[in-house]
Amino acid sequence: MIYIISTSYENIKNDGFFFWGENYFPQIRNYIPLNTTEVISITEGIIFFNKASFKEKYALKIKINQTHITRVYLKIFYSVTEQLNIKSFQVRQALKQYFQKNSVLEIPFCSAVEKEKFYSLLEDGKLFSEISFFEEKNNWIEIYKILESYMPIENSAIWNNPDALNRFSFATAKLSECSENLKIKFPDKEKRKDFIKQKKYFRELTIKLRNRCIELNPDNPAYYSNLAYTHYQSVNELNTPNGRRDGNLIREAEKAIEYFDKALLLDNTRIPDIYRKAMLLSEILPTYNLYKSEFITSENDEIQTRQKYLSAVDMISRGIEEFIKLTKIYEKLSGKSVNNPGFTELKNHYKKYYIKSLYHIAQKKLKLTKIDFNLFNILYGYKPIQCESDQINHKIAALNIANSYIEKCIESDYTKKKEEKYLIDKVECNNFIAGVYKAYLKALIETYLFVITERSKHLINAKDYFHKALEMNFPLNQKNQNKFFIIEKMAVLNLIELKYEAAIKLLEPVYNKSIQKKSGKFPLYAAFTLSIVYAVIGDKQKALSVVEENINCGNKIFEHKFRKLKEYLNNKVRFVKPKEKTDNNL
């Protein structure tokens with residue numbers, strides 16, 4: 001056997017000793033022979049440097065001159081015999097693998113290992129060095145070429161080495177990524193087909209490698225997380241406009257959630273895993289079910305729509321629970337970080353997930369309330385949200401919760417040194433969430449609170465934040481985004497206030513321009529709002545014109561809405577233009 005000694009000192013004397021007393025010896029005792037005779041018979045060892053800044057320093061081979069061991073301490077006298085051609089991080093990696101540890105923090109300061117087995121693992125370390133060299137250059141194809149030299153992989157030595165397989169799987173996962181607009185990148189169908197086939201090969205190889213990692217070490221949550229991410233990435237690719245379509249989004253999402261759950265069963269504080277699971281439940285799956293999936297169990301549109309909404313509500317609610325769980329874990333981490341640099345680093349690393357979760361909780365709470373929002377109600381003189389009196393307080397409570405989370409998001413995402421007194425000024429900070437989106441979401445929540453409560457403070461807040469969203473610029477990486485979605489919601493607010501001409505002035509010029517240019521860029525949601533405004537003021541001709549222009553849009557949800565509005569317009573006997581509300585009517 002040989003000793004492996006870990007040190008934080010940068011310089012080691014050629015002759016010296018190491019001593020571990022009552023603070024560290026109890027841990028070391030588990031990693032050296034129980035028999036004292038065996039302990040003192042060890043004659044050689046390796047010293048490596050454990051600080052991250054020293055990871056490139058070469059390890060030292062030592063001769064053990066003398067060993068003293070008692071029940072409470074271990075003292076080893078040594079002489080350095082040579083500098084090894086092995087770096088400290090390679091020794092650390094080999095030791096981590098030798099003892100099957102998931103973290104370097106679990107590695108003891110001193111341990112005794114079988115010489116031949118450990119040197120065999122050090123050979124693997126050279127492989128990891130080569131992989132690391134190409135990882136730093138993002139040269140994934142060269143790493144794959146190394147993997148190719150071991151194929152067929154099942155017959156090679158590394159098939160039983162989870163660390164090596166995990167490193168290779170990261171490279172193949174990178175090579176499998178396929179998030180481009182393929183119709184633009186590959187106008188030629190055959191080239192597109194070949195590209196997708198190649199990506200599929202790397203994706204399936206990644207899954208194979210990551211499944212093997214789990215077989216070899218089923219107690220490592222990171223391996224389940226990695227496999228989950230492969231399926232999560234696949235979901236995003238299948239959901240990309242004009243992206244690949246060689247998979248089933250629902251099955252991929254279910255697989256991702258299954259493996260995220262397994263990772264979280266072993267470690268329930270894995271913040272990125274919770275976030276991604278929450279995104280699948282609250283964003284991707286509900287959207288897919290509502291707008292892209294097909295129901296084949298019923299021929300009745302109303303039943304189909306209701307089924308979709310109930311399914312979406314359930315998934316969004318589950319997603320919200322996951323986001324809330326994440327925020328609680330992060331806030332506990334923040335409490336621990338006050339006097340602990342390690343926790344401070346973790347807190348900063350996970351802050352983006354926390355900020356985004358606050359935003360998504362607010363957004364999804366609003367979405368659940370919006371499910372009952374229907375502009376058709378305005379045609380009959382009712383509020384857009386109609387519900388039983390016993391549900392009103394529940395909706396107001398949900399919207400107030402949403403409001404508290406978006407306000408917390410704005411506060412937490414503000415990082416400028418300048419102190420701002422008012423929340424609306426803090427929203428300008430483009431950090432993890434663009435200020436435009438934060439202001440817009442805050443305005444929407446206030447709008448729906450106004451719809452239900454009719455309290456003027458919510459109307460004022462809604463207008464202030466809508467205007468703030470229009471004033472601000474998107475961050476540079478989103479500079480091509482337009483703000484018409486804000487203008488449309490301002491038109492909706494005018495419609496709710498009975499300010500019909502104001503609503504038309506916001507939407508009609510853009511609509512007319514899109515018709516003249518035949519650009520087809522006028523959004524369906526805005527076209528529907530404009531047609532409702534025309535219907536409310538009794539302009540049947542204009543309302544039908546917008547309806548006919550969009551009734552065969554290809555979006556089943558909006559096709560249903562436009563057909564329903566057309567039926568209303570054709571059955572309406574008499575149009576009476578309602579009195580427009582002025583500021584004095586408020």
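Source: prediction; values computed, not measured.
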Chemist: Please name all residues satisfying salt bridge (charged side-chain N to carboxylate O under 4.0 Å, His left out) with Glu252, sequence neighbours left out, ordered by chain then number.
Modeler: none
Chemist: Quick one: ring-ring contact (aromatic ring centres under 6.0 Å, His included) partners of Tyr330, sequence neighbours excluded?
Modeler: Tyr354
Chemist: For residues Ile385 and Tyr448, determine if any side-chain heavy atom of one lies less than 4.5 Å from a side-chain heavy atom of the other.
Modeler: yes
Chemist: Run through Ile207, Leu165, Ile153, Ile158 and flag the one making a side-chain contact (heavy atoms from CB on, under 4.5 Å) with Arg212.
Modeler: Leu165
Chemist: Does Glu116 offer a backbone N or O that forms a donor-acceptor pair with the side chain of Ser120 under 3.5 Å?
Modeler: no
Chemist: Are Glu142 and Lys145 close enough for a salt bridge, meaning some N to O gap below 4.0 Å?
Modeler: yes
Chemist: Check this for me: does any side-chain nitrogen of one of Glu106 and Lys96 sit under 4.0 Å from a carboxylate oxygen of the other?
Modeler: no
Chemist: List the residues meeting side-chain contact (heavy atoms from CB on, under 4.5 Å) with Lys421, not counting sequence neighbours, and say none if there are none.
Modeler: none
Chemist: Atom CD of residue position Glu419 - does it have more than 12 heavy atoms of other residues, nucleotides or ligands inside 6.0 Å?
Modeler: no
Chemist: Taking Glu322 first and then Lys325, would you say they form a salt bridge - that is, a charged N and a carboxylate O separated by under 4.0 Å?
Modeler: yes
Chemist: Please identify each residue that fulfils salt bridge (charged side-chain N to carboxylate O under 4.0 Å, His left out) with Lys356, with sequence neighbours left out.
Modeler: none
Chemist: How would you list all residue pairs meeting salt bridge (charged side-chain N to carboxylate O under 4.0 Å, His left out) that involve residues 156-172, not counting sequence neighbours?
Modeler: Glu135-Arg167
Chemist: Sequence neighbours excluded, which residues qualify as salt bridge (charged side-chain N to carboxylate O under 4.0 Å, His left out) partners of Lys57?
Modeler: none
Chemist: Please enumerate all residues that pass salt bridge (charged side-chain N to carboxylate O under 4.0 Å, His left out) together with Lys262, with sequence neighbours excluded.
Modeler: Glu258
Chemist: List for me each residue that meets side chain to side chain donor-acceptor pair (under 3.5 Å) alongside Ser176, sequence neighbours excluded, and say none if there are none.
Modeler: none
Chemist: Assert yes or no for the condition that the ring centre distance of Trp140 to Phe170 is strictly below 6.0 Å.
Modeler: yes
Chemist: How far apart are the C-alpha atoms of Tyr359 and Phe432, what are their side-chain angles, what is the distance that settles it, and do they pass the side-chain contact (heavy atoms from CB on, under 4.5 Å) test?
Modeler: CA-CA 10 Å; Tyr359 180 85; Phe432 292 115; over 6 Å; no
Chemist: Sequence neighbours left out, what pairs pass side chain to side chain donor-acceptor pair (under 3.5 Å) with at least one residue falling in residues 432-443?
Modeler: Asn403-Lys442, Glu407-Lys442, Asp413-Lys438, Lys442-Glu446
Chemist: Using a 3.5 Å cut-off and no angle test, enumerate the donor-acceptor pairs between side-chain atoms of residues 25-34 and protein atoms at least two apart in sequence or in another chain.
Modeler:
from: Arg29; atom 1: NH1; to: Pro33; atom 2: O; distance (Å): 3.0
from: Arg29; atom 1: NH2; to: Leu34; atom 2: O; distance (Å): 3.2
from: Tyr31; atom 1: OH; to: Lys101; atom 2: NZ; distance (Å): 3.0

Chemist: Could you list the residues that satisfy side chain to side chain donor-acceptor pair (under 3.5 Å) with Glu123, not counting sequence neighbours?
Modeler: Lys126
Chemist: If we ignore hydrogens and angles and just use 3.5 Å, is the side chain of Lys199 paired with the main-chain N or O of Glu177 as donor and acceptor?
Modeler: yes
Chemist: Say whether Gln97 and Asn161, considering side chains only, have a donor N or O and an acceptor N or O under 3.5 Å apart.
Modeler: yes
Chemist: Does any pair with a residue in residues 252-284 pass ring-ring contact (aromatic ring centres under 6.0 Å, His included), and if so which ones, sequence neighbours excluded?
Modeler: Tyr275-Phe323, Tyr275-Tyr353
Chemist: Using a strict threshold of under 4.0 Å (side-chain N to carboxylate O), is an ion pair present between Glu420 and Lys426?
Modeler: no
